[in-house]
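Keep in mind that this is a model prediction, so the values were computed, not measured. So you know, we letter chains A, B, ... as the sequences are listed, proteins then strands, and number each from 1.
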Amino acid sequence: AQSVTQLGSHVSVSEGALVLLRCNYSSSVPPYLFWYVQYPNQGLQLLLKYTSAATLVKGINGFEAEFKKSETSFHLTKPSAHMSDAAEYFCAVSGGWDGANSKLTFGKGITLSVRP
Amino acid sequence: EAQVTQNPRYLITVTGKKLTVTCSQNMNHEYMSWYRQDPGLGLRQIYYSMNVEVTDKGDVPEGYKVSRKEKRNFPLILESPSPNQTSLYFCASSPPTGWSTDTQYFGPGTRLTVL
């Protein structure tokens with residue numbers, strides 16, 4: 001079984017500041033980890049994913065995340081926030097293949113606000 | 001354009017009135033899934049389908065039905081909706097390999113209110 005913990009429900013940063021969104025996972029098998037972004041009134045869009053190839057993963061819009069097995073973490077970062085980054089961010093885990101289901105287990109989501 | 005479409009996008013209905021939310025994808029994906037999103041709970045899987053005529057329950061299947069008669073379509077059926085099914089619903093699909101690393105592509109969502 002897998003689970004994802006996203007601490008806090010809301011993060012606020014100033015434009016130009018570092019964005020750090022935390023994600024910790026629990027998985028009984030080597031995990032595959034994803035970050036999705038949801039802009040207002042839209043569906044989820046993949047930001048990046050970790051599939052065991054490289055621990056530092058670069059995604060779209062300048063985001064990146066580092067897989068740290070020892071810390072069971074997959075935190076999302078961006079060096080400089082833009083106003084357009086304001087959205088809800090979901091971390092998700094897909095661990096192992098049960099023969100049928102590619103189910104994603106999502107965290108509760110974090111709302112990112114960017115102040116001018 | 002590769003996409004997952006859902007209809008309707010918004011729906012207000014009353015308790016007990018059967019409804020269907022349609023989902024269609026044009027990417028020839030074999031795997032499709034329905035999730036519901038509730039505040040503070042993230043997204044939870046309702047049902048999924050590996051291929052035509054192959055469906056199975058996710059984590060929160062109670063009160064829902066699905067069918068997969070064609071590869072591109074995966075409708076979600078609420079036979080007797082109740083207020084606790086008020087939620088934001090997302091359909092998703094992923095490529096045919098079916099491995100856990102596959103990216104899932106999400107539709108725009110359907111906001112359902114059951115009075």
Taking all heavy atoms of [X] and all of [Y], pick out the closest pair and write down the distance.
X: Gln38(A); Y: Phe90(B); value: NE2-CZ, 3.1 Å
X: Arg9(B); Y: Asn41(A); value: NH2-O, 3.4 Å
X: Phe90(A); Y: Gln37(B); value: CZ-NE2, 3.1 Å
X: Leu44(A); Y: Phe106(B); value: O-CB, 3.6 Å

[X] portion near chain A, given a 4.5 angstrom heavy-atom threshold:
X: Leu41(B); value: backbone
X: Asn51(B); value: neither
X: Tyr10(B); value: side chain

Please check if atom [atom1] in [X] has more than 12 non-hydrogen atoms from other residues, nucleotides or ligands closer than 6.0 Å.
X: Arg111(B); atom1: CZ; value: no
X: Lys78(A); atom1: NZ; value: yes
X: Leu18(A); atom1: CG; value: yes

| task | Check each atom of Gln45(A) against the heavy atoms of chain B and say whether the ones under 4.5 Å are side chain, backbone, both or neither. | result | neither

| message | Shorter than 4.5 Å, heavy atoms on both sides: which option in Gly43(A), Ala92(A), Ser9(A) has the most such pairs with chain B? | response |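 Going by pairs under 4.5 Å, I would pick Gly43(A).
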
| remark: OH (Tyr32(A)) and OG1 (Thr103(B)) are apart, to the nearest 0.5 Å, by 13.0 Å

Are [X] and [Y] joined in one hydrophobic group, where the rule is that I, L, V, M, F, W and Y side chains link up if heavy atoms are under 4.5 Å apart?
X: Val21(B); Y: Phe74(B); value: yes
X: Val4(B); Y: Val52(B); value: no
X: Leu43(B); Y: Val60(B); value: no
X: Tyr25(A); Y: Leu21(A); value: yes
X: Ile46(B); Y: Tyr105(B); value: no

| Sub-4.5 Å side-chain heavy-atom contact between Leu104(A) and Gln45(B) |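 SC-SC contact between Leu104(A) and Gln45(B) ruled out.
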
| request: For Phe34(A) and Gln104(B), run side-chain contact (heavy atoms from CB on, under 4.5 Å): C-alpha distance rounded to whole Å, both residues' side-chain angles, the deciding distance at 0.1 Å, then the answer. | output: CA-CA 10 Å; Phe34(A) 303 77; Gln104(B) 292 197 20; over 6 Å; no

